[in-house]
Amino acid sequence: QSQELSQARIDYHSALLALQEYGTRMVCTGKMHTDRICRFDYLCYSTEAEEFVFFHSNSSFMLPNLGPRRFQPALLDLSSVEDHNTQYFNFLELPAAALKFMPKPVFVPDVTLILNRFNPDNLMHVFHDDLLPIFYTMRQYSDLDDEARLVFMEGWGEGTHFDLYRLLSSKQPLLKEQLRNFGKLMCFTKSYVGLSKMTTWYQYGFVQPQGPKANILVSGNEIRQFSSSLMEKLNITTRGGEESAAEEKDEYIVVFSRSINRLILNEAELILALAQEFQMRAVTVSLEEQTFPSIVKVISGASILVSMHGAQLVSSLFLPRGAVVVELFPFAVNPEQYTPYKTLASLPGMDLQYVAWRNMVEENSVSYPERPWEQGGIAHLDKEEQEHILASKEVPRHLCCRNPEWLYRIYQDTIVDIPSLLEALRATVKTRLNLKKAKPASTVHPGQVREPQCQTSVQATNEAKLTVSWQIPWNLKYLKVREVKYEVWIQEQGENTYMPYILPHQNYTFSENIKPFTTYLVWVRCIFNKNLLGPFADVLTCRT
Ligand code: UDP
């Protein structure tokens, strides 16, 4: 690797002079440590101190210049998990003059993205916390291109899925432990620190019980652009887009099985029953038996994906549009409280259907009280606490990550009651065929209506009319829209309620509820196909 950071590509002497003269320079985006990404020239890292170093010189700068607020609690989150206190980034400061007394710096010539992976051994965390955020952080900053260098500072080894991280750039990612091979002081010529959180949809329950993020900013389109890009790099071709998929005769079901824990105990029977019920082939995949790319290939052509709750279900981001995700939950685990995969499948434009099934029969469950705590064992707990857990029929809401009752229940094996599963599936799988033929919904929103106007007239002391008219949004004349409607809100000035109307044409005369000698505020907006809302035009003030 040391040859890879070939010092020949930059003039060592001039790099050193630049560092001594200009020091470190930093400019960041974001108001808070939780939404900040920083760009640096000559950010250095001491492998001895295991600290990043900012060298001050006469021409260095640091924006935001937070003073000691930089430590409250940190400059930024180094992983995409929000405000996690083990994932903070900061740097130490030194005058550039101190370089004279320090080990000779080794310069990294590549544009580098520095970050923490959150949990690289768990597939859900790999995709949700790392791969998607890295992918879109790289698209945010155009110099983070295919030649960019990724540096993972969380301190883990490569982990089970390192090959996936390798797909993001043509350069080998570097781990924290490898940095010392390069020398005592490394200086990144150009680097970005931190990750975009724009694509994350789930919070794992560190401060409140787990659930979808409050303000999801990603849609199925961005997820699918990412999965297509990954599949392209893996040389996986889908069989010709949605249209041929709808006519595809060779439909099949994939059961993603876990072979170490949280087992489906009657898997063979389940596969037979699914194949028979839906008249399709059914195949199994598992991380223990296949390479991940071969699994992606199978999933990318599947009509139905069935799996126990677990990280392997994040692979549904490779399913074709219209497919059904079936998530199985062990006894006493309420599907509504663990929804990372439901949320993914339900993102607008993801165009997947989602069905949860839960084992309601305790006798169909096999638990492992004697196992170590992290695999759901409870033998280490007080007798009383054990009995309480054994008697409970549903895990109460809890925080991450060591709740023994949750771990005990989620690591149970399950005999799936086949009639109840098929029952839960039938309706969804039937409607799927219709859905698959439908084109993906358009996401072009209307513009503002133009030239909104109002005219008023008084008929009698208790009778008045209000006519509102407007022109179509500018973008409509270039679009084929199935249904165009307008929404008009009318509010009497000073009141705090309004009357909403949905109208088919570009003008309307209101006479009901319109009083003479009264001022009305009127808002108009356009709606495409029932649910694509445009912005309101500027409010009209209309006096009768
Ligand atoms: N895993 C697996 N087979 C198993 C158990 C786990 O492939 O029998 C994978 C799982 O998909 C995840 C990782 O191992 O990527 C860690 O699994 P764990 O049960 O800790 O997490 P969970 O799946 O509940 O998120």
Side-chain angles (χ1 to χ4, degrees), residues 80-81 117-132 154 156-165 200-206 209-212 230 254-267 270 283-296 298-299 305-319 325-335 337-345 356 358-359 365-368 371-377 395 398-414 416:
S80 73
V81 174
R117 297 177 299 167
F118 191 72
N119 182 352
D121 282 340
N122 180 301
L123 204 56
M124 165 67 183
H125 287 284
V126 168
F127 276 93
H128 177 270
D129 309 344
D130 308 340
L131 297 177
L132 272 157
E154 78 289 333
W156 291 46
E158 290 191 349
T160 333
H161 303 286
F162 202 62
D163 283 343
L164 293 174
Y165 295 91
T200 56
W201 64 83
Y202 208 69
Q203 63 85 9
Y204 298 117
F206 297 108
Q210 63 172 272
L230 233 52
V254 177
V255 176
F256 204 142
S257 84
R258 296 173 57 114
S259 10
I260 301 164
N261 53 38
R262 206 177 300 151
L263 309 179
I264 301 170
L265 292 170
N266 55 339
E267 207 169 270
L270 171 69
V283 299
T284 47
V285 295
S286 85
L287 290 167
E288 288 80 20
E289 268 142 61
Q290 272 124 321
T291 63
F292 191 70
S294 72
I295 293 175
V296 171
V298 175
I299 287 181
L305 174 64
V306 182
S307 178
M308 269 290 158
H309 171 80
Q312 68 286 342
L313 262 171
V314 77
S315 60
S316 52
L317 57 77
F318 295 103
L319 281 168
V325 180
V326 185
E327 182 170 13
L328 312 175
F329 288 83
F331 180 78
V333 178
N334 183 346
Q337 282 159 32
Y338 309 95
T339 55
Y341 315 110
K342 178 186 183 178
T343 307
L344 169 61
R358 169 184 186 181
N359 175 20
S365 205
V366 177
S367 60
Y368 296 94
R371 283 186 177 168
W373 70 267
E374 71 276 11
Q375 295 165 41
V395 180
H398 58 89
L399 294 181
C400 189
C401 310
R402 296 187 168 205
N403 181 290
E405 182 171 353
W406 153 249
L407 292 170
Y408 172 72
R409 291 305 188 179
I410 199 58
Y411 281 110
Q412 294 172 115
D413 298 339
T414 303
V416 175

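None of these values were measured; they are calculated from a predicted model. Both ligands and their constituent atoms are indexed starting at 1 by order of listing.
When the heavy atoms of Asn122, Val314, Leu407 are ranked by distance to atom 16 (C) of ligand 1, first place goes to Asn122. In the candidate list His161, Arg258, Met124, Arg258 is nearest to atom 10 (C) of ligand 1, counting heavy atoms. When the heavy atoms of Leu313, Ile260, Ile410 are ranked by distance to atom 8 (O) of ligand 1, first place goes to Ile260. For atom 4 (C) of ligand 1, the nearest non-hydrogen atom from the set Arg262, Glu288, Gln312 comes from Glu288.
Among all heavy-atom pairs drawn from Ser307 and Phe256, the shortest one is OG-O, 3.2 Å. Minimum heavy-atom separation, Thr339 to Thr343: O-OG1, 2.6 Å. Shortest non-hydrogen contact noted between Asn261 and Asp413 is C-OD1, 4.2 Å. In plain terms, the two heavy atoms of Ser367 and Tyr408 that are nearest each other are OG-OH, 2.9 Å.
Proximity of Ser259 to ligand 1, defined as any heavy-atom pair under 4.0 Å, is confined to the backbone N, CA, C and O atoms.
Going from atom CD of Gln375 over to atom OH of Tyr368 covers 11.0 Å, rounded to the nearest 0.5 Å. Rounding to the nearest 0.5 angstrom, the gap separating the CD1 atom in Ile264 from the CE atom in Met308 is 5.0 Å.
In this structure, Phe127 has its ring center at least 6.0 angstrom away from the ring center of His161.
Geometrically, ligand 1 and Gly310 share no nitrogen or oxygen pair separated by less than 3.5 Å.
Closest to atom 12 (C) of ligand 1, if we only count protein heavy atoms, is Ala311 CB, 3.5 Å. Looking only at protein heavy atoms, the nearest one to atom 15 (O) of ligand 1 is Leu123 N, 3.0 Å. Closest protein heavy atom to atom 9 (C) of ligand 1: Leu287 CD1, 4.1 Å. The protein non-hydrogen atom at the shortest distance from atom 14 (O) of ligand 1 is Asp121 O, 4.5 Å.
Short contacts between ligand 1 and Tyr411, defined as distances under 4.0 Å to a heavy atom of the residue, involve ligand atoms 18 (P), 19 (O), 20 (O).
Side-chain polar atoms of Tyr202 and Gln210 form a donor-acceptor pair below 3.5 angstrom.
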